[in-house]
*Asks:* 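Before I ask anything, let me first share the structure, which is written out below as structure tokens.
Predicted model only: the values in this text are computed from it and were never measured. Values below: every heavy atom of this structure, side chains too, minus hydrogens, waters and symmetry copies. Counting starts at 1 for both ligands and their atoms, following the listed order.
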Amino acid sequence: MDIKVNPTRELKAKPEDESNLGFGEIVTDHMFQMDYEAGKGWINPRIVPYGNLSIDPAAMALHYGQEIFEGLKAYRGTDSAIYLFRPEENYKRFNRSATRLCMPEVDVDQVMEATKQLILLDQDWVPTTQGTSLYIRPTMIATEPHLGVRPADEYLLFIIIGPVGAYYKEGLNPVKIYVEDNYVRASIGGTGESKAAGNYASSLLAAEEAKKKGFTQVLWLDAAERKYVEEVGTMNMFFVIDGEVIGAPLTGSILPGITRDSVIRIVKNWGITMSERSLTIDEVIEAARDGRLQEAFGTGTAAVISPVGQITYKGEDHVVAGGKMGELSQRLYDEIVGIQYGEKEDPYGWRIKIN
Ligand code: COI
């Protein structure tokens, strides 16, 4: 793929204090874009200065929600190299999301190439401080102006990037989660396993209500019975009960996380009992009451491994792992981060060096 590069004339100032980057606040100098037209396929791949988009107010993404995205990161190793972590998995999931929302697939090799070129052009933006990285947000929107309900014939794919720190203000400190037994995020047969913008929109009200009560996130239960634990919107969840690590199975309503998959493989590789099985909230709460819930943690690209220190269900607070980061959570964090930043052996072949 021949990517046309139009470099910016005005380089922005880079953040001076990398200890305080937050998440999703800063973008770099450039972005990648590519158009799709039915009959022509993907055309006009280009890297251009970061800036506003101009789209028709009748663009179908704005009306019927044909919008999907991905989230991955570039890591600066202590050797100054820049690494990606299982990036093809993100683009394969992007294509699965596209298919679910009647949007066109992309060529994984081409978007990988575009991602690498964009990062290399803006490589001085990849932060060096521990716990920081360059977040990469590939996005596809339907741009065809049309108000009848059907899949659009025109799309824009763009990739924007920016330096980030921890996703939660808690950093690696345990988060408090509220078990949501009123609203639901997604149901089997819906779009819950796609990385579709609409899934996030439908999660906001519950998250806002929980935030007002002092919680970081909500833990979603299944839509049909409000009985089984699903995910935490920005993370997949794992519970350690009586030495068994349990994560919800991929039944269609939860996001098939790449960090989730990595955790499952590492835990199995370590010889720890790992079960992908339906787990009722009652089982979790009972284990918490009996002191058998040893740990709970979330996994995600943005959140990495995020320990849960408190679970609140039906007005009852349950402290997990003494409100501290559990031993397994810490070990998994060290292993995954060590692989991502090029500090540990990568027996799984997950790390890609791009410079
Ligand atoms: C990610 O982990 O990359 C996500 O996309 C979660 C959230 C920031 C939307």
*Asks:* What do we get for E70 next to ligand 1 when only non-hydrogen atoms under 4.0 Å count, side chain, backbone, both or neither?
*Replies:* neither
*Asks:* When you look at K12 and Y50, which way does the side chain to side chain donor-acceptor pair (under 3.5 Å) test go after all the steps?
*Replies:* CA-CA 10 Å; K12 289 184 280 206; Y50 188 96; over 6 Å; no
*Asks:* Can you label the angle between the Y75 ring and the F85 ring as parallel, tilted or perpendicular, going by 30° and 60°?
*Replies:* perpendicular
*Asks:* Would you please determine whether R137 falls within less than 4.0 Å of ligand 1 on a heavy-atom basis?
*Replies:* yes
*Asks:* For atom 8 (C) of ligand 1, what's the nearest protein heavy-atom neighbour? Residue, atom name and distance, please.
*Replies:* Y167 CE1, 3.6 Å
*Asks:* Can T132 and Q130 be said to form a side chain to side chain donor-acceptor pair (under 3.5 Å), step by step?
*Replies:* CA-CA 6 Å; T132 65; Q130 210 190 6; over 6 Å; no
*Asks:* Validate the cation-pi geometry between R265 and W270: distance from NZ or CZ to the six-membered ring centre under 6.0 Å, angle to the ring axis within 45°.
*Replies:* no
*Asks:* Verify the ring-centre separation between Y135 and F23: is it less than 6.0 angstrom?
*Replies:* yes
*Asks:* Under 4.0 Å from a heavy atom of Y135: which atoms of ligand 1 are those, numbered in the order shown and with their elements?
*Replies:* 1 (C), 3 (O), 4 (C), 5 (O)
*Asks:* Could you verify whether a donor N or O on one side chain and an acceptor N or O on the other, from T139 and E67, lie under 3.5 Å apart?
*Replies:* no
*Asks:* Judging by distance only, is a nitrogen or oxygen of A302 under 3.5 angstrom from one on ligand 1?
*Replies:* yes
*Asks:* Within the 4.0 Å heavy-atom shell around Y200, which atoms of ligand 1 are there?
*Replies:* 9 (C)
*Asks:* Which ligand 1 atoms are under 4.0 Å away from a heavy-atom of F69?
*Replies:* 5 (O)
*Asks:* At less than 4.0 angstrom from any non-hydrogen atom of G71, what atoms of ligand 1 do you find?
*Replies:* 3 (O)
*Asks:* Side chain to side chain donor-acceptor pair (under 3.5 Å) between Y155 and E37: does it pass, once the steps are laid out?
*Replies:* CA-CA 7 Å; Y155 296 86; E37 284 178 31; over 6 Å; no
*Asks:* Strictly under 4.0 Å, does any heavy atom of K195 approach an atom of ligand 1?
*Replies:* yes
*Asks:* What is the closest protein heavy atom to atom 7 (C) of ligand 1, and at what distance does it sit?
*Replies:* T234 CG2, 3.9 Å
